[in-house]
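As the structure is a prediction and not an experimental result, all values here were calculated from the model. When a ligand or atom number is given, it counts from 1 through the structure's own listing order. This chain uses plain numbering: 1 for the first residue, then up along the sequence.
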Amino acid sequence: FVEVREGLARILVPKAERIYDAPVFYNPVMALNRDVSVLAVKIIQPGKALDALSATGIRGIRYALETPTGEVWLNDISEEAFKLILRNVELNLGVEGKPVGEKRVAFEGEKRIVANLDDANRLMAENFRYFDFLDLDPFGSPVEFLDTALRSVKRRGVLAVTATDTGVLCGAYRNACLRKYLAEPIRGDLCHEAGLRILIGTVVRYAAKYDLGVDVLLAYYRDHYFRAFLRLKSGAKKADKSLSQLGYLWQDENGRFEYAEGFLPERPKAHGPLWLGPLKDGEFVERLVEAAREHPLAHRKTLPFVELLNEELDVPFLYDTHALARRNGLQARKLSDMIEILEGKGYKATRTHFSPKAIKTDAPIEKVLEALRVLQ
Ligand code: SAM
């Protein structure tokens, strides 16, 4: 093992040539994901949090050390991971754990930490409406954990999901997307945003059957994964409202896109169903940025990234200026110049975290093309 530091935590991680060869998984690139999560948890202030797929325990340990959460549960199905979690909790909390049953150890320090060895689905099924914050950070898709997670989190709690199966959600494996998400993905310049919206749309559909609505606190794409923080709302009407924000996307050969809310696609070649509602709660992200300015972050890109998220115009879909220029026989131009022209015409336009080549705007495609032409 080697000891690494991340945020306020010290973590033993297995030595390995490549991260996927290690007996217990630790990816330093995901420090940004964990930074954003720590900031989010700091703002949400849950009483009880579950890191359902913990690996080394780093995520849950950071929640315990860096947020006000009083009780944090760490779980993994792998015995090796569980053993490492025990060592890492001891290392960070400075107290010894006491066995509570065969596969569970509780640490009572300033915070209560419970380390558990089990299938996450079984643990969540056994802890009905127990957690205020529940984190799913799996290899690949979170869908196999969604049902139990939605029953284990409180009805006004927050569910955080990571999905690393971007190839599936972005249309490289269409059938896998149909199987796992029951949605038609799209390839090309809109694939990342559409993939994120398919993921959220799926959670909305799963939640609706429990009469739960969903508010998106923040959802983003980064480093080949998707991440969403979803605040649940209790009630059939809330569920209906969230479902009504699902719909479909169409894109033609010229790059022009259209989207429409609705339960069934109103015409052929539709992509979805996908979430067409907001990807952030403005006040939440504002507070996230404030917290990021004060917090000892592990990743040097976390602050600029959350600032970018905060400034981004929250409208469905984007214009990839390179793709648009190519399709129309034009040269791509600087985003800042495009934004200035569109703003000069009274439209809103910003950069987007989805792509360094794209803008988000409320201007129609003709105006975006006009701006490109002016700059040729
Ligand atoms: N959250 C960790 C972090 O931030 O470093 C990374 C988690 S890793 C991507 C996924 C973990 O889920 C692995 O350690 C794996 O052993 C565990 N896992 C896979 N299937 C599981 C299941 N059904 N129940 C519990 N843990 C599971």
Inset, instruction - Using a 4.0 Å heavy-atom threshold (strictly under), name the region of Tyr26 that reaches ligand 1: side chain, backbone, both or neither. - result: neither
Legend entry - Under-4.0 Å salt bridge between Lys111 and Glu71: no
Inset, instruction - With heavy atoms of Asn75 as the reference, note each atom of ligand 1 found under 4.0 Å away. - result: 25 (C)
Inset, instruction - Ignoring angles and geometry beyond distance, decide whether Leu53 reaches within less than 3.5 Å of ligand 1 through its nitrogen or oxygen atoms. - result: yes
Legend entry - Asp135/Arg227 ion pair, N-O < 4.0 Å: yes
Inset, instruction - Using a strict 4.0 Å cut-off to heavy atoms of Ile58, name the atoms of ligand 1 that fall inside it. - result: 3 (C), 5 (O)
Legend entry - Tyr130 six-ring centre to Lys154 NZ/CZ under 6.0 Å and within 45° of normal: no
Inset, instruction - May I ask you to decide whether Glu79 forms a salt bridge with Lys83, counting only side-chain N to carboxylate O separations under 4.0 Å? - result: no
Legend entry - Ala52 N/O to ligand 1 N/O under 3.5 Å: no
Inset, instruction - Report yes or no: does Thr56 have a heavy atom closer than 4.0 Å to ligand 1? - result: no
Legend entry - Contact partition for Arg34 relative to ligand 1, non-hydrogen atoms under 4.0 Å: side chain
Inset, instruction - Assert yes or no for the condition that the ring centre distance of Phe131 to Trp73 is strictly below 6.0 Å. - result: yes
Inset, instruction - For Asp137, take its heavy atoms, then give the atoms of ligand 1 lying under 4.0 Å from any of them. - result: 1 (N), 2 (C), 3 (C), 4 (O), 6 (C), 7 (C), 8 (S), 9 (C), 10 (C)
Inset, instruction - Record the part of Asp119 in heavy-atom contact with ligand 1 below 4.0 Å; permitted values are side chain, backbone, both and neither. - result: both
Inset, instruction - Please name all residues satisfying side-chain contact (heavy atoms from CB on, under 4.5 Å) with Ala125, sequence neighbours left out, ordered by chain then number. - result: Thr148
Inset, instruction - Could you check atom 24 (N) of ligand 1 against the protein and tell me its nearest heavy-atom contact, residue, atom and distance included? - result: Ala120 N, 2.8 Å
Inset, instruction - For a ring pair (Phe, Tyr, Trp, His ring centres under 6.0 Å) with Tyr220, tell me which candidate from Phe229, Phe354, Phe305 qualifies. - result: Phe305
Inset, instruction - Report the part of Asp118 (side chain from C-beta onward, or backbone N, CA, C, O) that has a heavy atom under 4.0 Å from ligand 1; answer both or neither where that applies. - result: backbone
Inset, instruction - Inspect the contact between Asp165 and Lys180 and indicate whether a charged nitrogen and a carboxylate oxygen are less than 4.0 angstrom apart. - result: no
Inset, instruction - May I ask which of Asp76, Ile77, Val24 has a heavy atom nearer to atom 21 (C) of ligand 1 than the others do? - result: Ile77
Inset, instruction - Answer with yes or no whether the side chains of Asp189 and Gln251 bring together a donor and an acceptor at under 3.5 Å. - result: yes
Legend entry - Where ligand 1 meets Ala55 - atom numbers and elements under 4.0 angstrom, heavy-atom basis: 6 (C), 7 (C), 14 (O)
Inset, instruction - Would you please determine whether Ala81 falls within less than 4.0 Å of ligand 1 on a heavy-atom basis? - result: no
